[in-house]
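Report on the following structure.
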Amino acid sequence: MASSLLSTPKLGFGCMRLPLLDPADQTSIDLDQFKQMVDVFLEAGGTYFDTAYVYHEGASETALREALVKRHPRESFTIATKCLAWACPSKEVAQSCLSESLERLGTDYVDFYLLHNVGGARTAVFDAYDMWNFAKEQKAAGRIRHVGFSMHDDADTLDALLTAHPDMDFVQLQVNYLDWDNPVTQSQRCMEVAAKHGVPVVIMEPCRGGRLASLPDDVAAILEQARPDLSQASWAYRFCYELPGTIATLSGMSTLEQVQQNASEWKEAGLFSDSERAALDEALARLKTMAQIPCTACRYCVKGCPEGVVIPDILNLVNLELQTGDRNFAKGLYSWQAAAGPASKCIECGACEAMCPQNIDIIDQLKVAAEHFE
Ligand code: SF4
Ligand code: SF4
């Protein structure tokens, strides 16, 4: 099953930031432009469309019905959609999402169905709502072709999930060159775990939410010097296209021009030359110097914290802001990644600092995080 999903490196069309007619109304999708975007993507050889029950408050799925499902042969594309069970008040509501998604999409089946954002405390909700068995039953009934899950958690968690659910057809992971050896995100280790289980990967966040397409000037200059003809984003995508065992690398595209550029750079993307690889390594090294907190995510500090502050996760986001200069992006991640133990819960007891092998001024950094992200 798994190997049949694999193909040549593929660009996937993420439908979470579609063009809008009214920027204040997430449901006001510019269908005329979206239809052109869909057509250009298909003409370039793309097939994978990624949406979710919640994207654009449900309008992403209905827009796909209008722009894709009604206008192109069903076998010429694949659709992935997702259920966020942890955001649902009951098992019944969570399990009703699939029927509603199919109705909105105007199709009898989806090619890929994801239990979305498994990991952390959210896993228990998927378990409690019996979503794993539900998805498998729906697959047997023909309403889902491939069942998988997405996860923003560490490699050990992924290993445990794939061990507990060996019949998953695929998994969706956050992978990009900035997170590759990040001690919290662990992109490389997660890819290795997926390979160990023989499970192919859909890559999300190849550009780190657009951050790798909008690099600091001195970092961008390194890449531009190596290949003045390529966009910053193309470096991030090519890094992912080279990885084995992937189904698609998702790009959340918002304009016709983005689709044209991404599709053309995808088609022309070859393997990195030695000099390009060296330029990317140099750019990455420069980016990493901007991360000033030397946390290795060893988690020694976490065990002794009486308030359950999720210290390494928070420090990782402080670093992310330092690396990217984008506070709002880090703040958005903080809203759920630090929900279980936000920085403001710190009572300054000092137990964590006594445990930290890196001698990090954790208490002061938590104050920064609380001020920036809460
Ligand atoms: S100083 Fe704050 S973060 Fe550190 S252990 Fe004490 S309460 Fe937890
Ligand atoms: S003990 Fe120090 S290095 Fe380890 S996770 Fe905590 S803050 Fe990071």
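A salt bridge links E242 and R277; the closest N-O separation between the charged side-chain nitrogens and carboxylate oxygens is under 4.0 Å. Ionic pairing of E265 and R227 is not present here: no N-O contact between side-chain nitrogen and carboxylate oxygen is shorter than 4.0 angstrom. With respect to E66 and R71, no salt bridge is recorded, no charged nitrogen being found less than 4.0 Å from a carboxylate O.
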*Could you please spell out the steps behind the side chain to side chain donor-acceptor pair (under 3.5 Å) verdict for K10 and T249?*
CA-CA 6 Å; K10 277 229 154 163; T249 296; over 6 Å; no

*Would you please test T62 and R65 for side chain to side chain donor-acceptor pair (under 3.5 Å) and show each step?*
CA-CA 5 Å; T62 50; R65 180 186 67 220; 5.3 Å; no

*Kindly indicate, with the supporting measurements, whether the criterion side chain to side chain donor-acceptor pair (under 3.5 Å) is fulfilled by S60 and T51.*
CA-CA 7 Å; S60 172; T51 184; 2.7 Å; yes

*Which is it for E224 and Q232 under the side-chain contact (heavy atoms from CB on, under 4.5 Å) test, yes or no, and what are the steps along the way?*
CA-CA 8 Å; E224 276 162 24; Q232 293 174 28; 3.9 Å; yes

*Decide yes or no on side-chain contact (heavy atoms from CB on, under 4.5 Å) for H372 and L317, but give the supporting numbers first.*
CA-CA 10 Å; H372 288 195; L317 293 172; over 6 Å; no

*Step by step, work out the side chain to side chain donor-acceptor pair (under 3.5 Å) result for N262 and S251.*
CA-CA 8 Å; N262 285 346; S251 171; 3.0 Å; yes

*Chi angles and distances behind the side-chain contact (heavy atoms from CB on, under 4.5 Å) call for L173, L158*: CA-CA 10 Å; L173 300 173; L158 178 62; 4.0 Å; yes

*So D108 and R143, side-chain contact (heavy atoms from CB on, under 4.5 Å) or not? Walk me through it.*
CA-CA 6 Å; D108 295 335; R143 302 172 88 206; over 6 Å; no

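Figure legend: R145 and Y109 shown as a cation-pi pair, the cationic atom lying under 6.0 angstrom from the six-membered ring centre and within 45 degrees of its axis.
Q174 approaches S187 most closely through the heavy-atom pair O-OG, 2.9 Å. When all heavy atoms of C190 and D154 are compared, the pair lying nearest together is SG-C, 4.0 Å. When all heavy atoms of F34 and C15 are compared, the closest pair comes out as CZ-SG, 4.1 Å. The two residues L31 and A67 have their closest heavy-atom pair at CD2-CB, 4.5 Å. Taking all atoms of both residues into account, the shortest heavy-atom contact from E374 to A343 is OE2-N, 3.1 Å.
A donor-acceptor pair shorter than 3.5 Å cannot be found between the side chains of Y113 and T81. T289 and R286 form a side-chain donor-acceptor contact under 3.5 Å, judged by distance and modelled atom types alone. Defined by atom type and a distance below 3.5 Å, a donor-acceptor pair is missing between the side-chain atoms of T27 and E57.
Ring orientation note: the planes of F49 and F77 are nearly perpendicular, at an angle over 60° on the 30°/60° scale.
The CD atom of Q258 lies 13.0 Å from the CZ atom of F41; values are rounded to the nearest 0.5 Å. A distance of 11.0 Å separates CE in M253 from CD in Q261, rounded to the nearest 0.5 Å. Rounded to the nearest 0.5 angstrom, R208 CZ and L287 CG are separated by 10.0 Å.
Contact of the V171 side chain with the V202 side chain is not registered, since no non-hydrogen atoms from C-beta on lie closer than 4.5 Å.
Taking the six-membered ring where the residue is Trp, the centroids of F239 and W180 are separated by under 6.0 Å. Ring-centre distance between H146 and F112: below the 6.0 Å cut-off. W132 has its ring centre less than 6.0 Å from the ring centre of F149.
Partner of R189 under the side chain to side chain donor-acceptor pair (under 3.5 Å) criterion, out of D159, N182, D156: D156 alone.
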